[in-house]
Amino acid sequence: MKRSLTEEELRLRRLTRRGFLTGGLALGTAGGLFAAVYNADPEGGIPWPLRRILRFNEWLSRAAFRSQQPAPEFPIGDAAEPRVNGQIGLTEAPDVSRWQLTVESEGKAPLRLSLDDIKALPKTEMVTELKCIEGWSTVVQWGGVRLVDFARHYRLGTRSGNAPEPDGAGSDILPYVAIETPAEGDRPDYFVGLDAASAFHLQTLLCYEMNGEPLLPGHGAPLRLAIPVKYGIKNIKRIGTIRFTTERPADYWAERGYDWYAGH
Ligand SMILES: Nc1nc2c(c(=O)[nH]1)N[C@H]1C(S)=C(S)[C@@H](COP(=O)(O)O)O[C@H]1N2
Ligand SMILES: [Mo]
């Protein structure tokens, strides 16, 4: 692992600890909590009181998200190139000519799309902040297609197989979206899970441009996610597969013990 990842882990750990504290205060006294945690049977490796706190934190994030608040946008003159950060799943050069996007949505036959298919959809540009959990952030201009526009065009992400509503809400919506780097072996190298509300947020873009230029390999060419309502960790680079699902997807950093939502 690179040194930057170790730093990333430290930041995440601190953030998670803060989350535990907030949840812990809501549940009871620190002493009582400590005793409860200490004596609890672990469930999935995590003692159940901590699991509960994690769930409580997730519930809070979800409640906060219901307002669908936009992330701030900036003047284009503020945009700059962010540092190339996080190279998991990017070790080999991308073969853009052979690249295909695999799209799965429960109850539908899988789709295989080219970059031209994606570029043919309505383009959205936005200037937002890419915020890394390590503590840096950069204003970036992104160009691509909104995930909600993409899903509406191909009728993805609903139980009925109809196009989702423009606000991406309602009981017909499949609750989760999994996005993964191209699978090399049996598992992709990097993978993120998103709740449908975040995935269908109007500022969630499948991007093929950064600052007016085609995306560079280090930034996730040919296609990456820009999702400014989430920390950098969810802004997955070099997407190979998108899956709309009822099952809460695995998430690279959540598997390492950190908040699955990673919103801010
Ligand atoms: N495939 C992949 N995507 C990834 C990562 C990674 O390691 N692999 N790191 C994430 C993190 S932690 C950040 S901060 C952003 C950084 O994006 P940038 O390199 O374009 O600045 O990418 C995210 N997407
Ligand atoms: Mo990051």
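Quick note: numbers below take in every heavy atom, side chains included, and nothing from hydrogens, waters or symmetry partners. Just follow the structure's listing: the first ligand is 1, and inside any ligand the first atom is 1.
- The main-chain N or O of Y261 is found under 3.5 Å from a side-chain atom of K230 such that the two form a donor-acceptor pair.
- Residue-level proximity to ligand 1 for N235 is carried by the backbone, the only part with a heavy atom below 4.0 angstrom.
- Hydrophobic clustering (side-chain heavy atoms under 4.5 Å, transitive across Ile, Leu, Val, Met, Phe, Trp, Tyr) groups L156 together with L225.
- Those atoms of ligand 1 with a heavy atom of I88 less than 4.0 angstrom away are 1 (N), 2 (C), 6 (C), 7 (O), 8 (N).
- In terms of N/O distances under 3.5 Å, ligand 1 is approached by N85.
- For ligand 1, the polar-atom distance check finds no N/O of P82 at less than 3.5 Å from any of the ligand's N/O atoms.
- Ring to ring, W260 and Y176 are close: their centroids are under 6.0 angstrom apart.
- Going from atom CG of L206 over to atom CG of L147 covers 5.0 Å, rounded to the nearest 0.5 Å.
- Checked against a 3.5 angstrom limit, the closest N/O atoms of R224 and ligand 1 fall inside it.
- When atom types are taken as modelled, the side chain of K108 and the backbone of V103 share no donor-acceptor pair closer than 3.5 angstrom.
- With 3.5 Å as the limit, one finds no donor-acceptor pair spanning the side chains of T128 and Q203.
- For D172 (side chain) and T158 (main-chain N/O), no donor-acceptor pair under 3.5 Å exists by modelled atom type.
- For the pair R83 and ligand 1, the shortest N or O to N or O distance falls below 3.5 Å.
- In the vicinity of T181, heavy-atom distances shorter than 4.0 Å reach the ligand 1 atoms 1 (N).
- Neither the backbone nor the side chain of E134 has a heavy atom within less than 4.0 Å of ligand 1.
- Those atoms of ligand 1 with a heavy atom of V84 less than 4.0 angstrom away are 19 (O).
- Donor-acceptor pairing under 3.5 Å is lacking for the side chains of D189 and T181.
- When the options K237, E180, H219, K131 are ranked by their closest heavy atom to atom 22 (O) of ligand 1, first place goes to K237.
- Of the inter-residue distances, the one linking H219 atom NE2 with E209 atom CD reads 14.0 Å to the nearest 0.5 angstrom.
- Near I236, the atoms of ligand 1 lying under 4.0 angstrom from a non-hydrogen atom of the residue are 3 (N), 24 (N).
- Residue contacts with ligand 1: R238 is placed with no nitrogen or oxygen under 3.5 Å of a nitrogen or oxygen of the ligand (distance criterion only).
- Contacts of L130 with ligand 1, taken as heavy-atom pairs under 4.0 Å, involve the side chain alone.
- Within the listing of ligand 1, atoms 14 (S) sit less than 4.0 angstrom from a heavy atom of C132.
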